[in-house]
2 protein chains.
Amino acid sequence: MNETDAQATRPHTGRRRNEAAHRAILDAALHLLAESDGTPVTIDAIARAAGVGKQTVYRWWPSKGAVLLDALTDRADQDVTDHPDTGALRTDLRAFIGTTFDAAQQSTTASALRTLVREAARDPHLAELMQAFTATRRDALHDLLARGRERGELADHADLDLIVDQVYGVFWYRFLLGHGPLDPAVAERLADTLVAGNDQPGAQAVRRR
Amino acid sequence: MNETDAQATRPHTGRRRNEAAHRAILDAALHLLAESDGTPVTIDAIARAAGVGKQTVYRWWPSKGAVLLDALTDRADQDVTDHPDTGALRTDLRAFIGTTFDAAQQSTTASALRTLVREAARDPHLAELMQAFTATRRDALHDLLARGRERGELADHADLDLIVDQVYGVFWYRFLLGHGPLDPAVAERLADTLVAGNDQPGAQAVRRR
DNA sequence: GTTTGCCGAGACTGCTAGTCTTGTCAAGCG
DNA sequence: CGCTTGACAAGACTAGCAGTCTCGGCAAAC
């Protein structure tokens, strides 16, 4: 009956949260994620490295995956790169792809990302979180392409979703398997052939002559 | 000293291998792989479904991953599709991509393949085996493209490896994330834009006119 | 100075890969 | 026929990890 009243009059008592511990956990998680040579990162290891009890980790995050993703996005937010509109699709696309490739070459980010994907494969909750993460990136690229199409640099019927997936498909495929390079030269070739393959129908008709 | 002689004179004694058990294990593995709703397939479950002791599984395969991959390739060998040379790159490529997409839409194969990838993420040995598996597929596609380039349907400087990775990149990216279709229409569009984006420099010059 | 609730430490449960043990059974050999 | 060899089913066992639970300590509010 009076519970609501009691809560209203007593918004908080007891010891406050320790923000230092919160940061220490994120830092330790990112560090271990980066150090990891493919070995899964354990919650025990994170807690120990952060000098924190395991229960403190689970008080703030619902699962191991949530901690790891939080650690990575915390870092990704630091090097957010927005892609200015250069006015030409080819240059916009080259810049976008090049930046994406570069960001993943950073050794810390790279090995963290690889480990994270591995964890996502066995943790449905983390997989869902990562889906949302990648969807955001896809949307950004899709917008860039839509701008180009409005300027007439792509055919009206061009399948923008497919182009997006060709970019991220190549990226993840090479990133995870590591059988081919992800350097600026590849970024340029990829951007150029995508533009060339999806340009105006009129131009295609001429070419097919 | 005489060990070699002893082995030569006594090539085998004792109870023979039970081929029925061998098949039962592969069948059970494939079945569970296909049934699995993302839950990892356990060796215990395979052994129990095959009516076999766990040790019997480990006598023939070095790890869980090896059993699973063997089960899948055993099936994949059944629907081996060789891609005849139609004489035109566009049609060859359309057929190759279409077949690849189709094969993965088979619900049994699809869920087995998905589970297998998930397992590979945590099992380095299986990951290595799958690398070899995918490399074979990449080579086949690369050959197909090389034939087209020799006929002058692709630019001399076209990056065949990049084209291959665009195909398999899109495939795996959509297959695993499931955010976009992998139907015949997509296969055709992908084939067409790849050919258009990597054709003869002369044609490109005309187009850019 | 008492209550409340966060904290570190670590015990505990439940699950799975892979190994080891035990008793059984089939195939060859003398 | 009886012995040896090695595959077999069943299942106990070890080791590692996610997530929960418990406990004594400590800091903030009242």
Side-chain angles (χ1 to χ4, degrees), chain A residues 3 5-25 28-29 32-33 36 38-69 115 118-127, chain B residues 3 6-25 28-29 32-33 36 38-69 115-116 118-127:
Chain A
E3 283 175 5
D5 279 347
Q7 284 180 14
T9 39
R10 183 177 49 70
H12 186 262
T13 57
R15 187 172 180 173
R16 298 307 169 76
R17 283 187 172 181
N18 183 349
E19 277 309 316
H22 189 281
R23 275 246 56 86
I25 292 170
L32 290 173
L33 217 37
S36 161
T39 323
V41 175
T42 70
I43 286 281
D44 260 319
I46 294 174
R48 199 163 307 128
V52 138
K54 231 184 351 170
Q55 188 53 51
T56 303
V57 177
Y58 280 106
R59 199 189 317 276
W60 296 355
W61 289 275
S63 72
K64 187 179 76 160
V67 182
L68 297 182
L69 187 71
T115 308
R118 249 185 286 262
E119 297 284 344
R122 85 168 90 178
D123 178 344
H125 186 239
L126 176 56
Chain B
E3 284 175 5
Q7 283 180 12
T9 38
R10 182 178 51 72
H12 188 260
T13 58
R15 187 174 180 172
R16 298 306 170 78
R17 283 188 172 180
N18 183 350
E19 278 308 316
H22 190 281
R23 275 246 52 88
I25 291 170
L32 290 173
L33 217 38
S36 161
T39 322
V41 176
T42 71
I43 286 281
D44 260 318
I46 294 174
R48 199 161 309 129
V52 139
K54 232 183 353 168
Q55 188 53 51
T56 303
V57 177
Y58 280 106
R59 199 190 317 276
W60 294 356
W61 290 273
S63 70
K64 188 180 75 161
V67 183
L68 297 182
L69 187 71
T115 308
L116 199 57
R118 247 185 287 262
E119 298 284 342
R122 85 168 89 177
D123 179 343
H125 187 241
L126 176 56

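Below, chains carry the letters A, B, ... as their sequence lines are ordered, and counting in each starts from 1.
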At 4.0 Å (heavy atoms only), tell me whether [X] reaches a base, stays on the sugar-phosphate, or touches nothing.
X: A:Val67; value: nothing
X: A:Trp60; value: sugar-phosphate
X: A:Val41; value: sugar-phosphate

Spacing between [X] atom [atom1] and [N] atom [atom2], to the nearest angstrom:
X: B:Ile46; N: C:dT16; atom1: CD1; atom2: C1'; value: 12 Å
X: B:Arg17; N: D:dG6; atom1: CZ; atom2: P; value: 13 Å
X: A:Asp44; N: D:dA18; atom1: CG; atom2: P; value: 7 Å
X: A:Asp123; N: D:dC17; atom1: CG; atom2: C1'; value: 13 Å
X: A:Leu126; N: D:dG19; atom1: CG; atom2: C1'; value: 16 Å
X: A:Arg118; N: D:dC17; atom1: CZ; atom2: C1'; value: 17 Å
X: A:Tyr58; N: D:dT22; atom1: OH; atom2: C1'; value: 17 Å
X: A:Arg122; N: D:dC17; atom1: CZ; atom2: P; value: 9 Å

> Quick one: which of D:dC8, C:dG8, C:dA17 gets closest to the side chain of A:Ala21?
Replying inline: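 In terms of side-chain proximity for A:Ala21, the closest of D:dC8, C:dG8, C:dA17 is C:dG8.
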>> By nearest atom, which of the nucleotides D:dC8, C:dG8, D:dA18 is closest to the A:Thr42 side chain?
In response: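 That would be D:dA18.
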>> Name the residue from A:Ile46, A:Asp123, A:Ile43 that meets the side chain to side chain contact (heavy atoms under 4.5 Å, CB included) definition with A:Leu68.
In response: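 Going through the options one by one, the only one that passes is A:Ile46.
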> With sequence neighbours excluded, what pairs up with B:Ala50 under the side chain to side chain contact (heavy atoms under 4.5 Å, CB included) test?
Replying inline: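 Residues passing side chain to side chain contact (heavy atoms under 4.5 Å, CB included) with B:Ala50: B:Ala24, B:Ile25, B:Ala28, B:Val52.
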>> Test of understanding: with side chain to side chain contact (heavy atoms under 4.5 Å, CB included), list the residues that count as partners of A:Ala45, not counting sequence neighbours.
In response: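 For A:Ala45, the residues satisfying side chain to side chain contact (heavy atoms under 4.5 Å, CB included) (neighbours in sequence not counted) are A:Leu32, A:Thr42.
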> What are the residues of residues 47-54 of chain B, sorted by number, that bring a heavy atom to within less than 4.0 Å of DNA chain D?
Replying inline: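 Going residue by residue through residues 47-54 of chain B, the ones with a heavy atom under 4.0 Å of DNA chain D turn out to be B:Gly51, B:Val52, B:Gly53, B:Lys54.
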Polar pairs (N or O, both sides) under 3.5 Å between protein and nucleotides 21-26 of chain C?
residue	atom	partner	partner atom	Å
C:dC25	O2	B:Arg15	NH1	3.4

> Which sits closer to the 5' end of DNA chain C, A:Arg59 or B:Glu119, going by the nucleotide each is nearest to?
Replying inline: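 The residue closer to the strand's 5' end, by nearest nucleotide, is A:Arg59.
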Below 3.5 Å, can you tabulate the donor-acceptor pairs from side chains in residues 55-64 of chain A to any protein atom, sequence neighbours excluded?
residue	atom	partner	partner atom	Å
A:Trp61	NE1	A:Asp70	OD2	2.8
A:Ser63	OG	A:Gly65	N	3.4
A:Ser63	OG	A:Ala66	N	3.3
A:Ser63	OG	A:His125	ND1	3.4
A:Lys64	NZ	A:Val41	O	2.9
A:Lys64	NZ	A:Glu119	OE1	2.7
A:Lys64	NZ	A:Glu119	OE2	3.3

